[in-house]
Amino acid sequence: MSRFPDGFLWGGATAANQCEGAYQEGGRGLSSVDVVPFGPDRMKVSRGQMKMLDCDPAYQYPAHEAIDMYHHYKEDIVLFAEMGFRVYRFSIAWTRILPNGDDETPSETGLAFYESLIDECLQYGIQPLITICHFDAPIALIKKYGGWKDRRMINAYLKYCAAIFHRFKEKVKYWLTFNEINMLLHMPFMGAGILFEEGENQEQIKYQAAHYEIVASARAVKLAHEIMPECMMGCMLAAGQYYPFTCHPDDVYAAMEADRDNYFFTDAQARGEYPVWAWKRMERAGIKLDCTAEDLAVMKEGTVDFISFSYYASRSTSADPETVEKYKKPGNAAIMSLLNPYLKASEWGWQIDPVGLRVTLNTLFDRYQKPLFIVENGLGAVDKVEEDGSIHDDYRIDYLRAHIEAMSKAVEEDGVPLLGYTMWGPIDLVSASSGEMKKRYGFIYVDKDNEGKGSLARSRKDSFYWYKKVIATNGEDLS
Ligand code: BGP
């Protein structure tokens, strides 16, 4: 008997802004991710601390061309099919469908593009798994409403959802409402189109926006269930357990509190209500939520069918400010973590912890008792192209093997119901945090560098053949 259930969904995941390019084609409107530049100002813009609502010729914007998948998707899907993918997770760019974010009529060009992409997948027996919103807020709505600061974003999002649900209802079963919804707390502009003005209460704004997204997600789940009774709607969390830096009880408590920053979202989306501690926390922080009785009812009615998450690394924290200062490392520049002395890190400082994936799977299942889906996991690394064009990426294979082994233990030994595994970036694409091309995740190499130069030609790395074997044996042969 195989370690993984029959029909386990093996595949890969991408996001529109990190691979499509063609940012002005087909009448597409401008989106938050289009104006997040490469270089030292990237984080400031992503965090909403530096205003950039238009493209400035002094900057380079990686999303504009990315890997030009808009024009290469057919050949890319052929390669995914060659690896035996059973699922392909991608996002729809909101502004390809509604260029201004809330247009009355959706763009036929945009819908036709995604329909063709979906048909291409289905032709090879690959299930589409669609992220409705992956770091994507229409610029027109940021100018009009200030992004998710404003309740009116909910209706705009619902309009967009209705357009894609009606069009793709016969073809798509799996949907995610918001990618890494908790990243709104760390990259509010990139995730939610939020810019902070001098003197604003940033916590108030972030939690208010979070609430609007949570309500929008619940309403989207309800709508999807009405239009597509067979569909499976998921939430999506940037996961990774917080470990206490020591076994000092105060550190244990600090780790629990840090995890709650994330559970705030999944508790609301999976259980349909905010936990008591969340209300208490907001009260203590002076956060006054605009939350109506109708919002609370909708949250209850729109709980998700499954929990999906990304997992790259575990995190750790301490209650002791001196320890925090001493061991704080940039790692994932977006999320705070301390250096865990037991773990090695990637070239970008992301700490590698396969056991942490098993911990996360168990924790999420214990908490929600709903099926899980790992929709991102992978290693960003520098690849070297040999003279004959081959790429020997053993480090990537090692990383993925260790994580798949941990995941198989969670499934086989712990009984966690897992729907599938889509590794992040099966084809090299633009890094969300750094904007680099050099930080590569793919089984498929794309000839393009950080400066934007290269032929965009695709080629197979060693890991390509390895993953093909993993899928063909349903995860039995990881050698
Ligand atoms: C997640 C995002 C992805 C992806 C991934 C890897 O946070 O959902 O969009 O980019 O992280 O991160 P990075 O690209 O920064 O290496």
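If you're wondering where the values come from, they're calculated on a predicted model, not measured in any experiment. Counting starts at 1 for both ligands and their atoms, following the listed order.
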W94 vs Y160 aromatic rings, parallel, tilted or perpendicular, using cut-offs 30° and 60°?
-> parallel
Per-atom filter on ligand 1: closer than 4.0 angstrom to a heavy atom of K439 are 13 (P), 15 (O), 16 (O)
Which ligand 1 atoms, with their elements, are less than 4.0 angstrom from a heavy-atom of N179?
-> 8 (O)
Enumerate the atoms of ligand 1 whose separation from the nearest heavy atom of Y441 is less than 4.0 angstrom.
-> 6 (C), 12 (O), 13 (P), 16 (O)
Check Y212, F135, W148 against F178 for a ring-ring contact (aromatic ring centres under 6.0 Å, His included) and give me the one that passes.
-> W148
For E180 and ligand 1, does the shortest N/O to N/O distance drop below 3.5 Å?
-> yes
R89-T131 side chain donor-acceptor pair, cut-off 3.5 Å | yes
Salt-bridge contact D383-R396 (side-chain N to carboxylate O under 4.0 Å) | yes
Kindly confirm or rule out an N or O of W350 lying under 3.5 angstrom from an N or O of ligand 1.
-> no
Quick look: Y312 vs ligand 1, heavy-atom contacts under 4.0 Å, and the answer is side chain
Does W348 reach ligand 1, in the sense of a heavy atom lying below 4.0 Å from it?
-> no
Within a reach of under 6.0 Å around NZ of K370, are more than 12 heavy atoms found that belong to other residues, nucleotides or ligands?
-> yes
Return yes when atom CZ of F196 has more than 12 non-hydrogen atoms of other residues, nucleotides or ligands closer than 6.0 Å, and no otherwise.
-> yes
Taking only heavy atoms of S431 into account, list the atoms of ligand 1 that are under 4.0 Å away from them.
-> 13 (P), 14 (O), 15 (O), 16 (O)
The answer for which part of A15 has a heavy atom under 4.0 Å from ligand 1 is neither
Has M183 got any heavy atom lying under 4.0 angstrom from an atom of ligand 1?
-> no
So, is the end of the R367 side chain (NZ or CZ) under 6.0 Å from the ring centre of Y263 and within 45° of the ring's axis?
-> yes
